[in-house]
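Computation of the quantities below employed the complete heavy-atom set of this structure, encompassing side-chain atoms and omitting hydrogens, waters and symmetry-equivalent molecules.
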Amino acid sequence: MSNLPVKERDAGMARVGSPYPVAETVRRLEVVLAGKGIPVLARINHSAGAAVVGLTMKPTELLIFGNAKAGTPLMLAAPTTAIDLPLKALVWEDQAGDVWVSYNTPQYLQGRHRFPEELIANIAGIRGIVDAAVQA
């Protein structure tokens, strides 16, 4: 993959290139999260689910993570935030074989749910988590 890491924002979603396969990128995300004491609440392998019903899908996994100390204040300020929490990182392979990590930006979530701007800091760490996981 060229120009790693590639970052772009599209409708509130950040996309960061990974030099690792999907499974390794997810594993690295889990290691970074564990090092920060952030629990992984679910790991969903969408491509495995597709295979169960006879469909083929490029490797795609969703990692759901977070903690109540960071997320609850956002949901108290704006209850609709609960639809987007806990935080999620989607690790996926595109048609060219490049691997990406996508996530909703904290600024997008703040704009969508209108929680106070000072609470962005509660979820702003997602960028550093993803960047650390994709470092070569």
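Applying the salt bridge (Lys or Arg N to Asp or Glu O under 4.0 Å) test to residues at least two apart or on different chains, none of the pairs has a partner in residues 46-57. Listed by first then second residue, pairs satisfying side-chain hydrogen bond (donor to acceptor under 3.5 Å, both in side chains) with a partner in residues 49-60 read Lys58-Glu93, not counting sequence neighbours. Pairs engaging residues 64-80 under the salt bridge (Lys or Arg N to Asp or Glu O under 4.0 Å) rule: none recorded [sequence neighbours left out].
You'll find the side chain of Arg127 reaches within 4.5 Å of the side chain of Tyr103, heavy atoms only. Contact annotation: the side chain of Val32 never approaches that of Arg28 to less than 4.5 Å [non-hydrogen atoms, C-beta and beyond]. No side-chain heavy atom of Asn122 sits under 4.5 Å from any side-chain heavy atom of Phe115.
Closest approach of Leu29 and Ala133 over heavy atoms only: CD2-CB, 3.6 Å. In terms of heavy-atom proximity, Thr25 sits nearest to Ser18 at OG1-OG, 2.7 Å. Nearest heavy-atom pair, Pro39 versus Asn67, reported as atom, atom and distance to 0.1 Å: CD-CB, 4.1 Å.
Remark: Ala121 engages no residue in a side-chain contact (heavy atoms from CB on, under 4.5 Å) (not counting sequence neighbours). In this structure, Lys36 has no salt bridge (charged side-chain N to carboxylate O under 4.0 Å, His left out) partners at least two apart in sequence or on a different chain. Every residue meeting the side-chain hydrogen bond (donor to acceptor under 3.5 Å, both in side chains) condition with Glu24, not counting sequence neighbours, appears here in chain and number order: Arg27. Not a single salt bridge (charged side-chain N to carboxylate O under 4.0 Å, His left out) links Glu117 to another residue, sequence neighbours left out. Listed by chain and number, the residues in a side-chain hydrogen bond (donor to acceptor under 3.5 Å, both in side chains) with Ser47 are Asn45 (sequence neighbours excluded). For Ala136, the side-chain contact (heavy atoms from CB on, under 4.5 Å) test picks out Pro19, Tyr20, with sequence neighbours left out. When the side-chain hydrogen bond (donor to acceptor under 3.5 Å, both in side chains) test is applied to Gln110, no partner is found at least two apart in sequence or on another chain.
The distance from the CG atom of Leu109 to the CD1 atom of Ile123 is 4.5 Å, given to the nearest 0.5 Å.
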Step by step, work out the side chain to side chain contact (heavy atoms under 4.5 Å, CB included) result for Leu62 and Trp92.
CA-CA 9 Å; Leu62 181 68; Trp92 56 286; over 6 Å; no
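Transitive grouping of hydrophobic side chains (ILVMFWY, heavy atoms separated by less than 4.5 Å) brings Ile44 and Trp100 into a common cluster.
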Less than 3.5 Å apart, which donor and acceptor atoms pair up between the side chains of residues 75-91 and the rest of the protein, not counting sequence neighbours?
from  : atom 1 : to     : atom 2 : distance (Å)
Thr80 : OG1    : His113 : ND1    : 2.8
Thr81 : OG1    : Ala78  : O      : 2.8
Asp84 : OD1    : Arg112 : NH1    : 3.1
Asp84 : OD2    : Arg112 : NH1    : 2.8
Asp84 : OD2    : His113 : NE2    : 2.6
Lys88 : NZ     : Asp84  : O      : 3.2
Lys88 : NZ     : Pro86  : O      : 2.9

